[in-house]
Structure formats: structure tokens, C-alpha cells
Amino acid sequence: MARYTKFEKARIIGSRALQISSGAPVLIDVVDVLDPIDIAMREFEKGVIPISVVKE
């Protein structure tokens with residue numbers, strides 16, 4: 001997994017949480033988690049978020 005700055009990490013998790021709250025499918029198994037931010041953070045930790053950062 002690539003190393004991201006804290007700003008990139010916040011942007012990725014925030015964008016993914018917005019997608020989840022808008023009805024996007026969740027990419028991990030969640031049983032007790034309902035908060036989109038918590039789900040996005042768990043997806044980030046597992047490395048399955050379909051968002052990438054292009055550094056120029």
C-alpha cells in the first residue's frame with residue numbers, strides 16, 4: 001500500500017464515506033458498523049478503496 005500524507009488519507013476516506021452514504025456498495029463485510037466514515041476507514045485499512053492519488 002502506498003504511503004499517503006494525512007491530508008490525502010483524509011480526502012480519500014471522506015470521498016469514500018460520501019460515496020457510501022450515497023448508496024455505493026460496501027467493499028468489506030460489516031456487521032455492526034453503520035457510520036459511513038467508520039466503514040470507509042476500515043476499507044482504507046484493508047486497502048480496498050477504489051480511489052487512487054496521482055502525484056505529479
Side-chain angles (χ1 to χ4, degrees):
M1 188 164 106
R3 296 191 49 99
Y4 295 108
T5 67
K6 61 184 176 182
F7 305 106
E8 292 167 335
K9 182 179 175 181
R11 175 66 179 178
I12 292 168
I13 291 173
S15 296
R16 181 63 183 146
L18 181 62
Q19 290 176 350
I20 292 168
S21 68
S22 296
V26 177
L27 302 174
I28 58 172
D29 291 330
V30 290
V31 177
D32 58 344
V33 182
L34 296 176
D35 184 34
I37 295 174
D38 290 335
I39 295 170
M41 287 193 311
R42 289 185 184 189
E43 286 184 349
F44 184 84
E45 290 168 359
K46 293 190 181 247
V48 297
I49 292 183
I51 297 173
S52 61
V53 176
V54 178
K55 298 182 182 188
E56 295 182 28

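The chain is numbered in sequence order, starting from 1. All heavy atoms count here, side chains included; hydrogens, waters and symmetry mates do not.
More than 12 heavy atoms of other residues, nucleotides or ligands lie within 6.0 Å of CD1 in Ile12, so this atom counts as buried by the packing criterion.
When every heavy atom of Ala40 is checked against every heavy atom of Ala17, the shortest pair comes out as CB-N, 3.8 Å. Closest heavy-atom contact between Tyr4 and Lys9: CB-N, 4.2 Å.
Applying the under-4.5 Å side-chain rule to Ile, Leu, Val, Met, Phe, Trp and Tyr, the cluster around Leu18 consists of that residue alone. With side-chain heavy atoms closer than 4.5 Å counting as contact, directly or through intermediates, the hydrophobic cluster containing Ile20 also holds Val26, Leu27, Ile28, Val30, Val33, Ile39, Val48.
With rounding to the nearest 0.5 angstrom, the CD1 atom of Ile13 is 12.5 Å from the CZ atom of Arg11.
Identified under the side-chain hydrogen bond (donor to acceptor under 3.5 Å, both in side chains) test for residues 26-44, with sequence neighbours left out: Arg16-Glu43.
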